[in-house]
Amino acid sequence: CISGPPEVHNVKERLEGFLHEIRQAGIPDQGCLVKYGEFKYQTGFDLMENILVSGFELTAVFAGNDLMAWGALDAIKEAQLSAPQDIAIAGFDNVYFSSFLTPTLTTVEQPKFKMGQIAMKMLIETMKRGDEKRQTGRVMLSCELIPRDSA
């Protein structure tokens, strides 16, 4: 797993979800490597390159966002490997151009429009109440796996 900064709340939740699914698949924690960085293309490339030269044997990579996955995919190609034949790769976000990569990127899609609707509704309700204190709320929405050619 190549992930975003560990201090970011949603990074922790994505990692927990990833590890939960890994365990459900019967893969022990010690069979999993987690590397942290920024949510950037170059970070994905650099982390993937470092993993490949380290000798760690891997068959699949989950990236914290699609930009990191793009970078990791390019590092895999530069190492004369291919996805998914040598290393399967998946991202998170389903950004528009992920469907145009070669191979097309398997990714997880968040319900962005619904997230925006809920956030606006919460903001309007807070403004109507005239609360001076900042109130927080938590809403969990389901994501969808978008299977494509990279995994």
Solution key, residues 109-121 side-chain donor-acceptor pairs under 3.5 Å, sequence neighbours excluded:
unit_1, atom_1, unit_2, atom_2, d
E109, OE2, N94, ND2, 3.0
Q110, NE2, D93, OD1, 3.2
K112, NZ, D93, O, 2.6

**OP:** Check whether more than 12 heavy atoms from other residues, nucleotides or ligands sit under 6.0 Å from atom OH of Y96, and answer yes or no.
**Re:** no
Subject >> Any side-chain heavy-atom pair of I124 and T126 under 4.5 Å >> reply: no
Original post:
Step by step, would you call V61 with I87 a side-chain contact (heavy atoms from CB on, under 4.5 Å)?
Top reply: CA-CA 7 Å; V61 175; I87 302 170; 3.8 Å; yes
Original post:
With H9, which of K12, E7, E13 fulfils side-chain hydrogen bond (donor to acceptor under 3.5 Å, both in side chains)?
Top reply: E13
Subject >> Aromatic ring pairing F92/F62, orientation class (parallel under 30°, perpendicular over 60°, tilted between) >> reply: perpendicular
Original post:
How long is the gap from CG on D46 to CD on E38, to the nearest 0.5 Å?
Top reply: 12.0 Å
**OP:** Answer with yes or no whether the hydrophobic clustering places Y36 together with I22; edges join I, L, V, M, F, W, Y residues whose side-chain heavy atoms lie under 4.5 Å apart.
**Re:** yes
Original post:
Can you check whether G64's main-chain N or O pairs, donor with acceptor, with S3's side chain at less than 3.5 Å?
Top reply: no
Show me the side-chain donor-acceptor pairs of residues 67-83 shorter than 3.5 Å, one per line, residues at least two apart or across chains.
unit_1, atom_1, unit_2, atom_2, d
W70, NE1, S98, OG, 3.3
D74, OD2, Y41, OH, 2.6
K77, NZ, T102, O, 2.4
S82, OG, Q85, OE1, 3.1
S82, OG, D86, OD2, 3.4

Original post:
Between CD1 of I2 and CG of L47, what distance do you get to the nearest 0.5 Å?
Top reply: 6.0 Å
Original post:
When rounded to the nearest 0.5 angstrom, what distance separates CD1 in I89 from OG1 in T107?
Top reply: 10.5 Å
**OP:** Could you state whether F45 and F97 fall into the same hydrophobic cluster, counting links through intermediate Ile, Leu, Val, Met, Phe, Trp or Tyr residues with side-chain heavy atoms under 4.5 angstrom apart?
**Re:** yes
Original post:
Quick check: does any side chain N or O of D149 sit under 3.5 Å from a backbone N or O of P103, one acting as donor and the other as acceptor?
Top reply: no
Original post:
Going from CG on D66 to CG on L101, what distance comes out if it is rounded to the nearest 0.5 angstrom?
Top reply: 8.0 Å
Original post:
Does a donor on one side chain sit under 3.5 Å from an acceptor on the other, for E16 and H20?
Top reply: no
Subject >> Backbone of T104 reached by a side-chain donor or acceptor of R148 within 3.5 Å >> reply: no
Original post:
Out of curiosity, C1 SG to L58 CG, how far, rounded to the nearest 0.5 Å?
Top reply: 12.0 Å
Original post:
Between CG of L15 and CG of N10, what distance do you get to the nearest 0.5 Å?
Top reply: 11.5 Å
Original post:
Checking side-chain contact (heavy atoms from CB on, under 4.5 Å) for the pair K35/L33: CA distance, chi angles, key distance, verdict?
Top reply: CA-CA 7 Å; K35 296 287 185 176; L33 176 67; 4.0 Å; yes
**OP:** Check the pair S54 / L52 against side-chain contact (heavy atoms from CB on, under 4.5 Å), numbers first and verdict last.
**Re:** CA-CA 5 Å; S54 76; L52 291 171; over 6 Å; no
